[in-house]
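Naming: A, B, ... by sequence-line order, numbering from 1 per chain. Since this is a predicted model, take the numbers as computed values, not measurements.
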Amino acid sequence: MNEQTPILSVSDARVRFGEVVALDGVSLALSAGECIGLVGHNGAGKSTLVGILNGGLVPQEGRVEVSGKAAVQTAGWDVATARALGLRCVFQELSLCPNLTVAENARLMHEGLAGGAWRARARALVSKTLDEIFPGHGIDPRATVSMLPIARRQMVEIALAFCDAGTPPGIVILDEPTSSLDAGIARQLLDHVRRFVAAGGTVILISHILSEILNTATRIVVMKDGRVVADRPAAEFTQAGLVTAMGTAGREQARRLEGKGRGEVILTHAPAVGLPFEISRGEVVGLAGLAGHGQTELLRALHGRLSPEWRAHADPKVAYVAGDRRLDGVFDLWSIRRNLTVGALPDLLRRGLVQPEAEDRAAADWKARIGIRTPDMGLPILSLSGGNQQKVLFARALLTRAPLILMDDPMRGVDVGTKQEVYEIIRAEAEKGRSFVWYSTEMEEMELCDRVLVFRDGGIVAELTGASITEEAILAASFLGAA
Amino acid sequence: MRLTPDMIRLAVPFLALAVLLAGVFWLQPRAMTYSGLNLLFNLAVPIALATLAQMFIISVNDLDLSMGAFVSFVACVTATFLNDAPLVGALILLASIGAYAALGVIIHVRQLPAIVVTLGMSFVWTGLAVMILPSPGGAAPDWIRSLMTVRPPFVPMAIVASVLIALVAHLIIARSTLGVLIRGVGGNERSVARAGWSVLRARAAAYALAALFAVLAGMALVGLTTAADANIALRYTLLSIAGVILGGGEFVGGRVSAVGAVVGALTLALAGSFLSFLRLSPDWQIGAQGAILILVLALRLGLDAMERRRMRA
Amino acid sequence: VPAVADTSDSRIALSNNYAGNSWRQAMLTSWETVTGPAVAEGVVAAADAFTTGENSATEQAAQIQNMILQGYDAIVVNAASPTALNGAVREACDAGIVVVSFDGIVTEPCAWRIAVDFHEMGRVQIEYLAEHLPDGGNLLEIRGLAGVFVDDEISAGIHAGVAEHPQFEIVGSVHGDWAQDVAQRAVAGILPSLPEIVGVVTQGGDGYGAAQAIAAAGRDTPIIIMGNRQDELLWWSEQKAANGYETMSVSIAPGVSTLAFWVAQQILDGNEVPKELVVPFLAITQDSLAEDLANTPVGGVANVEYTLEDAQEVIAGAM
Amino acid sequence: MTFLRMTASRPWLWAWIAAVAVFGITIAATAGASAAGLAQAAFTFAAFSVIVGLGQMFVITLGPGNIDLSIPATMTLAGTVSLKLMDGQEAMILPGILVALGIGACVGVLNYTLIRALRIPPIIATLALSFIVQSTAIWTNRGLRVKPPESLASFSTGTLWGVPNVAIVAGLLTIAAWVLLERSGHGRRISAIGQSLPAARRAGIPVEGVRLATYVLCATLAGLCGFLLSCFSGGAALNMGAEFLLVSIAVVVIGGSSVAGGNSNVPGIWGAALFLFLVVSMLNTYGFGAGPRLILTGFIIIAVILAASARGRTAA
Ligand SMILES: Nc1ncnc2c1ncn2[C@@H]1O[C@H](COP(=O)(O)OP(=O)(O)OP(=O)(O)O)[C@@H](O)[C@H]1O
Ligand SMILES: Nc1ncnc2c1ncn2[C@@H]1O[C@H](COP(=O)(O)OP(=O)(O)OP(=O)(O)O)[C@@H](O)[C@H]1O
Ligand SMILES: [Mg+2]
Ligand SMILES: [Mg+2]
């Protein structure tokens, strides 16, 4: 295995979307048997680079070359060519067909399944790959994808990328594959990545969870503002070094304020299953446990209970930060500004009409406060990178005057620097008396909460407070069902 | 066994059909005979075919507002050209299937709303039909006529035909790769494209399949009525949409069922018969059709509620 | 000829394909007023009326098949299409059911037809205009629903009339779909680009709308052939009183459904009835206007209902 | 280039361009003599399409699958009942209008109730309800044509400084609809729901209330249109709304609103309504038979949509 012979390379790629320069001369070479960790702030251009490698996006300048063959002109590099070469992609947004079964999705992804009795073969293949990567996954290949919780969909998508149906996978690109997975499943995936790479495969791993990158990648490529700013073996990086390279100033971690007294109770809730609970003023309550054990359902139920269905209230009781932003977060046709202000509409109205100045002011204010990377808040929301869209959703909720904010894994795809800023904002708002209910798949975020409710099988099984909130305690509760 | 939402969706049309059939038998025991069943259902055969045609369009998230006009056009061609000069007739019908595929291409390439394009096409098809048959007439080709009036042993033709076309359509849409691809386009067009498929070709294929079934619908219709006119099947547009929905299909997301669509079409046809056996006052006969449509769809709600109660228990 | 069979056990059904205009409503009402007493007196056992939602041949075919199942002895049908019901009508005949069609007739030979000479109805309009406007001139034609037999026939009659009287020229022709608002809209749209017109030929019920559109365009009122609607007759009589306006009015009487009823009853009774019967259309002239207007319900259509004797007379006349 | 940029930001321009072109071709037949008359007729009849089109536009903006097929039946019922109630008496005009609007509002509430309570797709729910409404219209007066009060008849057929009164009414409604949609919070909410219902729910929008209000608004406009139309044409007919089923949808989509929801276009409705009227006038004027006329109408509609989409491409 010769590290110096790249099997696929992109050189000097430039991509512009209107005013936005997404890639500004990026070169990247992939060799067999390596796992490249690709990191960078939100909007650095990672997903755009993936698009080029995958053949779905033609850069305005630059070329893609494949080893062993005559150089492939960019024009000749398309999805079909890439797939025939064994290149597979797991995209940042889930991209299965929700109305089809797992096996049917496999058929669409793999030309190799063509021919008679493809259903049986597809089922067998998916099951085999899932068993290999995620032992004990419990996914029926006959299930319709829309019936699966988001984490399982992610697992299916990953398995489909690693399937061998005729063309073995050679290069697998994983764009934030762990963003919806809990720690255990994520570990299974990363173990598989290591095995795959050891067997001579190539992986590009994109993640904002730096420990994953540091533990899994053999080489780390850091992107910043559409350029590659560092490209070195993983061993040469430390967490702090990586953060510095990304250009986000290494901040001090936000910490929980110990010993804060609990304010008046603003809400009590007794769900059908599990323990009841209450929320006080100024409290940050975490919802923990394995993904898909009822946390999102609880948030929805709370929101359904508190937000009006028939008439808008001048004083909203609750605001919601969606996790699945494509499904229940962004409004595709609208500008960033409108997306941001829609939650606080009653505050922007005078005699039923929207006041444009008030709206502009609110938008400019939050653009600065939360660092939304865009030249103009009037641009369409979809021109933002995934993480920046998530910031807008966050700002939407904070802009309201709601005393309670429900957050459904709101940091999905948000880069480390921004995360720290958001943590501080949450903290500051909590000081001012707002309460947060915060579901997250990331353990360290749970450690920021005043109190954590651990879920299992659709209900709350344990409550941890203060210093007892530790990774071990949460894991113990979510597996054993009791603290 | 756990009922999945998919199964509930399919159970509704079957249940509705069963209830209506029971009602019809109770009101009119004569319907329980071989020829009775044939009389009840034979005009549902073309409706079922048109409903399947609509289903193919709906499965790629489009809607065809020209279905009725197109079936009328096909009926006019069948009763004239196909009868007098079979070769020319067949060529015209083939060309019309090609036209549908081309529509699919245009709609895809230019990202046009299918509703508007097919709205425009409904004028075009009606215009062509009026030019072919300015006043009603023509005659069904003998072979179609005898095919539609054949009397197989034990089970009447209408039932045999319905089962057969449901089966064929099911194989196409649910079992074949093409069917998976078409539904995939309805479910998530982008991911289908990212897997290296041509969404353009998939959409064109869906439209061509729709046209094929619509052509069959027009021919079957003429076989039953023996002659055609330019407005003969205008009702099929709404009937076919209602049939797909009744059969558990959804407007977006590629969720359709061929068996459901056929059963939905039969249910709609039977609802009309049920009402005439009730002998309502003519003033309310139209309104009763609406009421029955609502009742049948309310069944789904009932089943859903039942299922939820069971899950809680 | 004395009746050879008794019809007191017979059941007759009316199959109607459309109920969405005043003509059809008057037709259904006439059916009720005449068959109600007939059933009460035991002339027939039942005379049920059935209507389908929209004007659809396929739905009507299904309706006829249902009537076969219900075991009616005779089916009286106003058909959506002269040909598209032939399959169902054939099945009814095969089941021994008497089928009588009227207004919208069917071509299937086993059925009886009570036809209106629609062709003639178109021709007399030109005839009348030729009498009143010997110099001829430009005409506007308002047609019905494209692709429907009645529309084609009346229009053919009008054009035949124009061929006979070449001093007339049809300078504009629009489809009003037999709906007041569609006709009014179509006329208003073509009117500005037409030269002066001396007459408007219609298919029934569009006269008032045409008069309105012409008035709105600020033109002189030409001779507009009316279609026996009460609002048309009222407008005409107002004009007549004001400035001696002259025109004529023709249409088929909705009560022809009752003739069809009696014909069916006579056939069931075993009487010989020819397959083809022709009923005259109902014409209203300058002289009969006052009387006919008085006899027409407000907002309705001029009508004639038939008794058994009237029917026997019509049958005898056709023998 | 500037032209393209101009049309890109104003998708409604295409409908207007088409309308003006067709107008030009029509009056060319008479060397321009008929321009004023034709324009007046066009605005008169377009006004009715605009009134129902506005309602339909709000409903379509609510997102995929939302459509109101009960418009024709509502128009018929509102027209027949209110004219029967007024029975030609001047004193009953106000109750007549209120009854027409009330009938519309009731149908809207029923539509929404069916959609929500029975979870039926709107296309089916409104279709089914329209049958019932139509039956009610038949039952109430069996198609008798009652004349409107004299002052209403002359108002609806009259003009003010050459502009048809009905067009003025429709114009005022259009302005109100524009403000509602583009400037008000309610319009924002409708658009949000149209883009994504779950997202709207999560953003704290009272979705059910907004949807109810929208269906009621649409049916109320249909009731008003039925009332005006029957006054205009001298009485209500049972089939008077039939045409407006397709017309109400066509003016919305030809006018540049997105059938996928969330994005609507008020000025385009006028362009499209004028265009649809003028196309038929043009083809009638040039003496086309029914067949070719229908075919050309179809192709012209598709051509307008194609032209409008070419604009979409260059803008991207
Ligand atoms: N379709 C598009 N239209 C306009 N701008 C776009 C488009 N797609 C991406 N961009 C812009 O390109 C830049 C790079 O985006 P990209 O999605 O590659 O970032 P990323 O590194 O993947 O960020 P994240 O970590 O948030 O996913 C961003 O500024 C984004 O706003
Ligand atoms: N939409 C229609 N479909 C089929 N037949 C029709 C339709 N409208 C009218 N007819 C038939 O056409 C003939 C003449 O109808 P006519 O034009 O007098 O009714 P109309 O003008 O629509 O009535 P009104 O305008 O008063 O409601 C009759 O045979 C009638 O049954
Ligand atoms: Mg990204
Ligand atoms: Mg991201």
Side-chain angles (χ1 to χ4, degrees), chain B residues 24 27-28 30-31 33 35-36 38-40 42-44 46-47 68 72 75-76 79 126-127 129-130 133-140 145 148-149 221-236 238-239 269 272-273 275-277 279-283 285-287 289-290, chain C residues 13-16 18-20 24-25 28-29 31-32 46 48-71 79-92 94-95 104 106-108 145-153 155-156 175:
Chain B
V24 166
L27 287 171
Q28 190 48 264
R30 253 181 282 205
T33 58
S35 62
N38 202 34
L39 282 176
L40 270 188
N42 67 3
L43 277 162
I47 301 180
S72 304
C76 289
T126 307
V130 168
L133 273 182
S135 72
R145 178 84 187 128
M148 293 310 294
T149 49
L221 180 58
V222 174
L224 290 171
T225 59
T226 74
D229 67 68
N231 303 316
I232 191 166
L234 291 186
R235 285 275 284 163
Y236 279 20
L238 286 175
L239 273 180
S273 307
L275 287 176
S276 56
F277 295 149
R279 279 199 238 150
L280 296 167
S281 122
D283 285 359
Q285 282 172 11
I286 299 167
Q289 293 184 15
Chain C
L14 168 66
S15 163
N16 173 40
Y18 186 68
R24 292 289 172 123
Q25 286 299 329
L28 288 170
T29 311
W31 174 271
E32 238 174 65
D48 303 324
F50 294 92
T51 280
T52 57
E54 248 109 310
N55 176 24
S56 142
T58 48
E59 259 182 69
Q60 195 176 17
Q63 189 188 54
I64 292 176
Q65 294 189 341
N66 290 329
M67 291 170 176
I68 302 174
L69 259 178
Q70 290 174 79
S81 154
T83 52
L85 298 179
N86 285 351
V89 169
R90 176 85 254 161
E91 281 175 79
D94 290 349
V106 295
T107 55
E108 169 60 48
L145 198 60
V148 176
F149 151 83
V150 176
D151 166 59
D152 223 45
E153 278 295 292
S155 178
H175 279 265

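Neither the backbone nor the side chain of Leu275(B) comes within contact range of chain C; no heavy atoms are under 4.5 Å apart. Residue contact with chain B, scored on non-hydrogen atoms closer than 4.5 Å, involves the side chain of Asp48(C) exclusively. Heavy atoms closer than 4.5 Å to chain C are found in the backbone of Ala228(B), but not in its side chain. In this structure, the portion of Leu224(B) lying under 4.5 Å from any heavy atom of chain C is its backbone and not its side chain. Both the backbone and the side chain of Asn66(C) have a heavy atom closer than 4.5 Å to some heavy atom of chain B.
Most heavy-atom pairs under 4.5 Å with chain C: of the set Leu27(B), Val130(B), Asp229(B), this distinction falls to Asp229(B). Counting heavy-atom pairs closer than 4.5 Å to chain C, the top-ranked of the candidates Pro136(B), Ser135(B), Gly287(B) is Pro136(B). Considering only heavy-atom pairs separated by less than 4.5 Å from chain B, the leading option among Leu28(C), Asn86(C), Ile68(C) is Asn86(C). If you tally non-hydrogen atom pairs under 4.5 Å between each of Ala95(C), Ala84(C), Ala61(C), Ala57(C) and chain B, the highest count goes to Ala84(C).
Side-chain contact between Leu69(C) and Leu40(B) is present, with heavy atoms from C-beta onward closer than 4.5 Å. The shortest distance between side-chain heavy atoms of Asn231(B) and Val148(C) falls below 4.5 Å.
In this structure, Pro134(B) and Asp152(C) approach most closely via the heavy-atom pair O-OD1, 3.8 Å.
Between the side chains of Asn42(B) and Gln65(C), a donor-acceptor pair is found at a separation under 3.5 Å.
The CG atom of Leu239(B) lies 7.5 Å from the OG atom of Ser56(C); values are rounded to the nearest 0.5 Å. Taken to the nearest 0.5 Å, the OG1 atom of Thr52(C) stands 8.0 Å off from the CZ atom of Arg235(B). How far CD of Glu91(C) is from OG of Ser35(B): 9.5 Å, rounded to the nearest 0.5 Å. For the atom pair Thr58(C) OG1 and Leu43(B) CG, the distance stands at 7.0 Å (nearest 0.5 Å).
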Run the side-chain contact (heavy atoms from CB on, under 4.5 Å) check on Gln70(C) and Ser276(B) step by step: do they pass? CA-CA 9 Å; Gln70(C) 290 174 79; Ser276(B) 56; 4.3 Å; yes
